[in-house]
Amino acid sequence: MAELRLTAPIRIKPAGADTIRDVATLRDASEILIDWPQGRRGPFYQAAREQVEAALDGKISAAQAQEAFAALCDHAGVLVR
């Protein structure tokens with residue numbers, strides 16, 4: 001699996017965290033998704049997870065996966081603008 005840099009880092013502040021994390025690669029996004037709270041995994045999570053993994057496998061573009069991951073983070077209220 002490739003690492004694939006995002007066009008720009010996505011900044012998130014996970015619920016309960018005191019720090020902001022810069023997600024700079026799809027590998028970073030994948031790690032965030034693995035640790036995503038079970039109770040907050042819905043359709044946005046599923047779409048982001050599928051698209052990040054597909055991009056890491058070279059099946060879709062990194063831009064498509066980045067868009068899905070950013071949408072999830074925005075929907076979950078963890079995206080830092």
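Index from 1, following the sequence.
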**OP:** Show the numbers, then the answer: is there a side-chain contact (heavy atoms from CB on, under 4.5 Å) between L72 and R49?
**Re:** CA-CA 10 Å; L72 167 65; R49 178 83 186 174; over 6 Å; no
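Nearest heavy-atom pair, L26 versus V52, reported as atom, atom and distance to 0.1 Å: O-CG1, 3.7 Å. Considering all non-hydrogen atoms of both residues, S30 and L56 come closest at CB-CD1, 4.0 Å. The two atoms that bring A55 and S61 nearest to each other are CB-O, 3.8 Å, heavy atoms only. Here the shortest heavy-atom pairing between F44 and A71 reads CD2-O, 4.0 Å. Of all non-hydrogen atoms in Q51 and A68, the two that sit nearest each other are OE1-CB, 3.7 Å. Between T19 and P14, the shortest heavy-atom contact is O-CD, 4.1 Å.
Side chain of D74 to main chain of A70: no donor-acceptor pair is present (N/O by atom type, distance under 3.5 Å, no hydrogens or angles). Remark: side-chain polar atoms of Q66 are paired, donor with acceptor, to backbone N or O of T7 under 3.5 angstrom. In this structure a side-chain-to-backbone donor-acceptor pair under 3.5 Å is missing from R21 to R11.
For the atom pair SG of C73 and OH of Y45, the computed distance is 11.5 Å after rounding to the nearest 0.5 Å. Rounding to the nearest 0.5 Å places CG of D35 at 9.0 Å from CG of L33.
Counting non-hydrogen atoms of neighbouring residues, nucleotides and ligands closer than 6.0 angstrom, the CD atom of E31 exceeds 12 such neighbours.
In terms of the salt bridge (charged side-chain N to carboxylate O under 4.0 Å, His left out) criterion, R5 has no residue partners (sequence neighbours excluded).
In this structure the side chain of I12 never reaches within 4.5 angstrom of the side chain of V80, judged on heavy atoms. At a threshold of 4.5 Å between non-hydrogen side-chain atoms, the residues R27 and L4 do not count as touching. In this structure, the side chains of I10 and L6 come closer than 4.5 Å at one or more pairs of heavy atoms.
Side-chain contact annotation: R41 with Q38, donor-acceptor N/O pair under 3.5 Å present.
Put simply, I60 and F69 are part of two different groups of oily side chains (I, L, V, M, F, W, Y) that touch within less than 4.5 Å, one to the next.
K13 has no carboxylate O lying under 4.0 Å from a charged side-chain N of D18, or vice versa, which leaves the two without a salt bridge.
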